[in-house]
Amino acid sequence: MSGEKVAVVTAGGSGMGAASARRLAADGFKVAILSSSGKGEALAEELGGIGVTGSNQSNDDLKRLVDAAMERWGRIDALVNSAGHGPRGPLLEISDEDWHRGLDVYFLNVVRAVRLVAPIMVAQKSGSIVNISTAWAFEPSAMFPTSAVARAGLAAYTKIFADQYAADNVRMNNVLPGWIDSLPATEERRESVPMQRYGSSDEIAATVAFLASAGGGYITGQNIRVDGGLTRAV
């Protein structure tokens, strides 16, 4: 069993997931990365970790990743749940099938991974789970209907989790990115941000890393906006 810190990152082959894996590795974590493309395995090899090609919509693929991390390192200190892109469209034209697919992509991706990892963290009496959500979870936009609805549910799930597992020193928080440079840039979107710029994947990764660190050790059940002032809490 290793005494090193270990992070599991889902949907970590590109974008904010990959940036989070890189930042955690730079902070001293051993990383295990799940990606639906070969990019996650390549990044894991580059970082000296473990890569699995598979989907966070598959319990079996997630279990392969968690089992591989536990076999090599014997513990999991951080779980970062990233996600791909779900269905979009006019609200009344979204089919039942697409609503269910949005739930799979944006909510159940977290539930599945947490089911596997949280018991390990409870047994360790330590662990941090960080979910990459969206700034539109609380200020919903017609541009992202399935994401906004599913991730509003994720916010509720996170609070319930915090209530139940904070006493075990297992924390869960959501990071809420706004317009980030991994998305296509438009002038209209840039001008809608009070800071007048897109954020970077590295800025999201820095927030993820802080929440996974000892410095974030008294933070749980929270939704942290990282959006340049695009949305403001009351």
I want to check something: taking the side chain as every heavy atom from C-beta on, are [X] and [Y] in contact at a cut-off of under 4.5 Å?
X    : Y    : answer
F161 : N173 : no
Y106 : L154 : no
F144 : R151 : no
W99  : V149 : yes
I180 : M16  : yes

Specify the closest pair of heavy atoms between [X] and [Y], including all atoms of both residues, with the distance to one decimal.
X    : Y   : answer
A21  : L43 : CB-CD2, 4.2 Å
G51  : A44 : N-CB, 3.4 Å
A212 : A78 : CB-CB, 4.1 Å
A69  : A32 : CB-CB, 4.1 Å
V9   : G17 : CG1-O, 3.6 Å
T146 : G86 : OG1-C, 4.3 Å

Looking at [Y] and [X], is there a salt bridge between them, counting it only when a charged N and a carboxylate O are closer than 4.0 Å?
X    : Y    : answer
R64  : D61  : yes
R101 : D98  : yes
D163 : K159 : no

Is there a path of hydrophobic side-chain contacts, each under 4.5 Å between heavy atoms of I/L/V/M/F/W/Y residues, joining [Y] to [X]?
X    : Y    : answer
V31  : V66  : no
M172 : V208 : no
V52  : I33  : no
I50  : L47  : no
F210 : I224 : yes

If you round to the nearest 0.5 Å, how far is [atom2] of [Y] from [atom1] of [X]?
X    : Y    : atom1 : atom2 : result
Y157 : L108 : OH    : CG    : 9.5 Å
T186 : W179 : OG1   : CH2   : 7.0 Å
H100 : I94  : NE2   : CD1   : 13.0 Å
L103 : Q57  : CG    : CD    : 10.0 Å
S141 : R88  : OG    : CZ    : 8.5 Å
S58  : L65  : OG    : CG    : 11.0 Å

Could you tell me whether [X] atom [atom1] has more than 12 heavy atoms of other residues or ligands within 6.0 Å of it?
X    : atom1 : value
E187 : CD    : yes
E45  : CD    : no
E71  : CD    : no

Quick check against the 3.5 Å criterion: does [X] have a side-chain atom that pairs as donor or acceptor with the backbone of [Y]?
X    : Y    : result
N56  : V110 : no
R171 : T220 : no
R190 : Q196 : yes
E41  : G38  : no
N109 : F107 : yes

Out of the candidates D77, V6, V80, only one should pair with F29 under the side chain to side chain contact (heavy atoms under 4.5 Å, CB included) rule; please name it. D77
Side chain to side chain contact (heavy atoms under 4.5 Å, CB included) evaluation trace for D227 with L176: CA-CA 7 Å; D227 64 4; L176 277 53; over 6 Å; no
Residues 115-134 side chain polar contacts: donor-acceptor under 3.5 Å, at least two apart:
unit_1	atom_1	unit_2	atom_2	d
Q124	OE1	I76	N	3.0
Q124	NE2	I76	O	3.0
Q124	NE2	S126	O	3.1
K125	NZ	D168	OD1	2.7
S128	OG	L211	O	3.0
N131	OD1	N81	ND2	2.9
N131	ND2	N174	OD1	2.9
T134	OG1	W136	N	3.2

Stepwise salt bridge (Lys or Arg N to Asp or Glu O under 4.0 Å) test for R112 and D104: CA-CA 10 Å; R112 294 183 191 101; D104 268 339; 2.6 Å; yes
